[in-house]
Asker: 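Below: one structure in structure tokens.
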Amino acid sequence: MPELETLEIVKLVNCPETFTPDMRCIMGESPLVQGYFVLAGMNSAGLSFGGGAGKYLAEWMVHGYPSENVWELDLKRFGALQSSRTFLRHRVMEVMPLLCDLKVPRWDFQTGRQLRTSPLYDRLDAQGARWMEKHGFERPKYFVPPGKDLLALEQSKTFYKPDWFEIVESEVKCCKEAVCVIDMSSFTKFEITSTGDQALEILQYLFSNDLDVPVGHIVHTGMLNEGGGYENDCSIARLSKRSFFMISPTDQQVHCWAWLKKHMPEDSNLLLEDVTWKYTALNLIGPRAVDVLSELSYAPMTPDHFPSLFCKEMSVGYANGIRVMSMTHTGEPGFMLYIPIEYALHVYNEVMSVGQKYGIRNAGYYALRSLRIEKFFAFWGQDLNTLTTPLECGRESRVKLEKGMDFIGREALLQQKQNGVYRRLTMFILDDHNTDLDLWPWWGEPIYRNGQYVGKTTSSAYSYTLERHVCLGFVHNFSEDTGEEQVVTADFINRGEYEIDIAGHRFQAKAKLYPVASLFTHRRRKDDIELSDLYRK
């Protein structure tokens, strides 16, 4: 714009500006005061944000929800822990220069760290853990082996193949062939109890799947809004006839609490308790997980005695009252251990000690991301949001439509089932992408079907099993004449030729509505795994 060279500054305005801890404005209804709406913290972008932000907040106030997904701006992504004046002072000093900086994938803030930590933080840090932060909680990304240059690894920022590639590859391999431990203590954990049947009755209305299951069973479900979209994605274990244990994503702690409180009746016999801080969660992943846990609990842990999606309180080592669940959030065999925090260090030490002969090692969330995406496991906040329905992401089995029970969102889902869906979550496996030389997909890349734009990716990760990049994203069916959205069928997905556009270069991709079957059916038998002499000794 050459004309700018001759322009003169007529007036300079200097005024206070508001900034937020993550460089995004805050908007939405307060979780503490119903009917109180907020729109603030524009981070010097008020002029560009004003029109759209005002529109969506107005929709929120009038209709109860905005017409687009604005979770990244939702006030409820923050909790009381981010309101510390010292935290805000330090974080805002970091935020201001970052507003004009290039953001590389998976970068982390440096200020306001170590605010929420697992009891195992120091132990894991001493073993080479590199950390990321989620809702103020420190979570391990991966574990740097001895001899690696830690400083160089931390300062490596790129859109290409990252320096941690081989580290995560070894962690994934161990998850598939031996056994790994991932500290997942940051997950949100609630307990809902009642003196009578109130807990079951209200949860049946608030959640889409049937929770009237035998004690000890786990149900994958979610809370839907009136439009059938996911307000929450979670797993619920029935601890007793009148008690339930709910596990949700880390950043849903405030949002879930507010949603439950808003829709639960004021009943003195119904108790909702946030127990996130009470339990350390260890994810024990791999075919040898059953051997490790069997030795520590002196109980058979085979599928015949401990079936999938089952929960039981057990002793592990010297510790009693450990909630052991046969699920891993990855599709791999293993167990989740919910441990009272006073026992956390003891149980971890016992698991690592017994697991040495089985090749145990620590792993981080980057390994978990790789494992989950190749199994087509969608994450709330990335692939799922308040506008995504179970029918659009292949989760019909998690909805009790045919059981005649009412729940929030049921009418919208019945209507959608009759009319068809206008988008469908699809798995893409890149074909001609060179992992070493080409730019990587991270998320938000355009998807093309037969040369026509049909959507964009929502998340991406490298699958070390398939040796390909895997992307998840929604496919739409836009009319060539009018541009209007049309029904998306399985036949429409399967008949297309697809490309993923990464920074202007299109790569061919195979589209799948279900994960690669061999990833589930080809399980290496534990008797066939050859462990090294070192591990045997």
Side-chain angles (χ1 to χ4, degrees), residues 48 51-53 55-56 59 63 65-73 224-230 373 376 378-396 399 409 411-433 439-460 468-515:
S48 58
K55 172 191 174 184
Y56 294 134
E59 292 175 345
H63 304 297
Y65 50 87
S67 58
E68 295 289 341
N69 172 45
V70 293
W71 166 247
E72 291 189 348
L73 310 178
L224 309 181
N225 51 40
E226 294 293 344
Y230 276 106
I373 204 166
F376 206 165
F379 275 7
W380 196 95
Q382 298 178 38
D383 311 301
L384 311 178
N385 56 51
T386 56
L387 301 179
T388 309
T389 72
L391 305 186
E392 294 172 344
C393 57
R395 292 188 170 193
E396 295 89 341
V399 181
E411 292 303 318
L413 294 186
L414 288 173
Q415 190 70 35
Q416 189 178 57
K417 185 176 182 180
Q418 181 179 344
N419 298 337
V421 297
Y422 288 85
R423 61 174 184 164
R424 182 67 186 266
L425 187 65
T426 307
M427 176 180 178
F428 296 95
I429 303 173
L430 299 190
D431 269 345
D432 56 345
H433 184 270
L439 283 164
W440 276 29
W442 296 98
W443 61 274
E445 291 82 15
I447 303 169
Y448 291 87
R449 178 186 181 274
N450 299 340
Q452 301 296 317
Y453 172 80
V454 292
K456 63 181 181 180
T457 62
T458 52
S459 62
S460 175
R468 295 283 190 277
H469 261 98
V470 177
C471 303
L472 303 185
F474 283 94
V475 171
H476 301 251
N477 181 6
F478 299 111
S479 169
E480 294 184 8
D481 298 326
T482 64
E484 293 182 357
E485 288 191 275
Q486 303 176 118
V487 172
V488 176
T489 63
D491 188 60
F492 176 83
I493 300 287
N494 294 328
R495 288 181 177 273
E497 297 291 333
Y498 292 89
E499 296 172 306
I500 306 294
D501 186 317
I502 305 175
H505 186 85
R506 297 187 187 183
F507 296 90
Q508 294 181 355
K510 288 187 173 69
K512 294 184 175 296
L513 289 173
Y514 304 97

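Predicted model, so just to flag it, every value in this text is computed and none were measured.
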Asker: Could you tell me if the side chain of K512 sits less than 4.5 Å from the side chain of T426, heavy atoms only?
Answerer: no
Asker: Are more than 12 heavy atoms from other residues, nucleotides or ligands located less than 6.0 Å from atom CH2 of W71?
Answerer: yes
Asker: Just checking Q486: does its CD atom have more than 12 heavy atoms from other residues, nucleotides or ligands closer to it than 6.0 angstrom?
Answerer: yes
Asker: With side chains defined as the heavy atoms from C-beta onward, is the minimum distance between P390 and L224 less than 4.5 Å?
Answerer: yes
Asker: Is the side chain of N385 donor-acceptor paired with the backbone N or O of G381 at a distance under 3.5 Å, no angle test?
Answerer: no
Asker: For R423, check salt bridge (charged side-chain N to carboxylate O under 4.0 Å, His left out) against everything at least two apart and list the hits.
Answerer: E392
Asker: Taking all heavy atoms of K510 and all of D431, pick out the closest pair and write down the distance.
Answerer: NZ-OD2, 3.0 Å
Asker: When you measure from the centre of the six-membered ring of Y448, is the NZ or CZ of R506 under 6.0 Å away and within 45° of the axis?
Answerer: yes
Asker: Under the side-chain contact (heavy atoms from CB on, under 4.5 Å) criterion, do F492 and V475 qualify, and how do the steps go?
Answerer: CA-CA 10 Å; F492 176 83; V475 171; 3.9 Å; yes
Asker: Do you see a donor-acceptor pair shorter than 3.5 Å between the side chains of E59 and S67?
Answerer: yes
Asker: If we only count heavy atoms from C-beta on, is the W443 to K456 side-chain gap below 4.5 Å?
Answerer: no
Asker: Any heavy-atom pair between the side chains of N419 and V487 that's under 4.5 Å?
Answerer: no
Asker: Taking salt bridge (charged side-chain N to carboxylate O under 4.0 Å, His left out) as the test, write out the residues that go with D491, two or more places apart.
Answerer: R495
Asker: Are M427 and L513 packed together at the side-chain level, in the sense that at least one heavy-atom pair is separated by less than 4.5 angstrom?
Answerer: no
Asker: Parallel, tilted or perpendicular: which describes the rings of Y453 and F478, with under 30° parallel and over 60° perpendicular?
Answerer: parallel
Asker: Treating Y514 as the side-chain partner and G394 as the backbone partner, does any N or O pair qualify as donor plus acceptor under 3.5 Å?
Answerer: no
Asker: Between T457 and C471, which heavy-atom pair has the shortest distance, and what is it?
Answerer: CG2-CB, 3.8 Å
Asker: Of all heavy-atom pairs between F376 and L425, which one has the smallest distance, and what is that distance?
Answerer: CZ-O, 3.5 Å
Asker: Is it the case that T458 and Q382 place a side-chain donor and acceptor less than 3.5 Å from each other?
Answerer: no
Asker: Do F474 and H476 have ring centroids that are under 6.0 Å from one another?
Answerer: no
Asker: Test of understanding: with salt bridge (charged side-chain N to carboxylate O under 4.0 Å, His left out), list the residues that count as partners of K417, not counting sequence neighbours.
Answerer: E402
Asker: Are any non-hydrogen side-chain atoms of L439 and H505 less than 4.5 angstrom apart?
Answerer: no
Asker: Nearest 0.5 Å please: distance from the CG atom of N69 over to the OH atom of Y230.
Answerer: 15.0 Å
Asker: Got a second to check how far Q452's CD is from E497's CD, nearest 0.5 Å?
Answerer: 14.0 Å
Asker: Starting at CH2 of W442, measure out to OG of S460 and round the result to the nearest 0.5 Å.
Answerer: 8.0 Å
Asker: So L472 and I373, do their side chains get closer than 4.5 Å, heavy atoms only?
Answerer: yes
Asker: Kindly determine whether L430 and Q508 satisfy side-chain contact (heavy atoms from CB on, under 4.5 Å), including the steps that lead there.
Answerer: CA-CA 6 Å; L430 299 190; Q508 294 181 355; over 6 Å; no
Asker: For C393 and L384, run side-chain contact (heavy atoms from CB on, under 4.5 Å): C-alpha distance rounded to whole Å, both residues' side-chain angles, the deciding distance at 0.1 Å, then the answer.
Answerer: CA-CA 8 Å; C393 57; L384 311 178; 3.8 Å; yes
Asker: For the CD atom on E396, are there more than 12 heavy atoms of other groups (residues, nucleotides or ligands in this structure) within a distance under 6.0 Å?
Answerer: yes
Asker: Below 4.5 Å, heavy atoms only, C-beta onward: do F507 and I502 meet side chain to side chain?
Answerer: yes
Asker: Report the C-alpha distance between N477 and E485 in whole Å, list the side-chain angles of each, state the deciding distance to 0.1 Å, and finish with yes or no for side-chain contact (heavy atoms from CB on, under 4.5 Å).
Answerer: CA-CA 6 Å; N477 181 6; E485 288 191 275; over 6 Å; no
Asker: On the six-membered ring of F428, is R468 placed so that its NZ or CZ lies under 6.0 angstrom from the centre and within 45° of the ring axis?
Answerer: no
Asker: I need the E480 CD to N450 CG distance, nearest 0.5 Å.
Answerer: 9.0 Å
Asker: What is the distance from atom CG of L413 to atom CD of Q418, rounded to the nearest 0.5 Å?
Answerer: 13.0 Å
Asker: State the CD1-CD1 distance between I500 and I447, to the nearest 0.5 angstrom.
Answerer: 4.5 Å
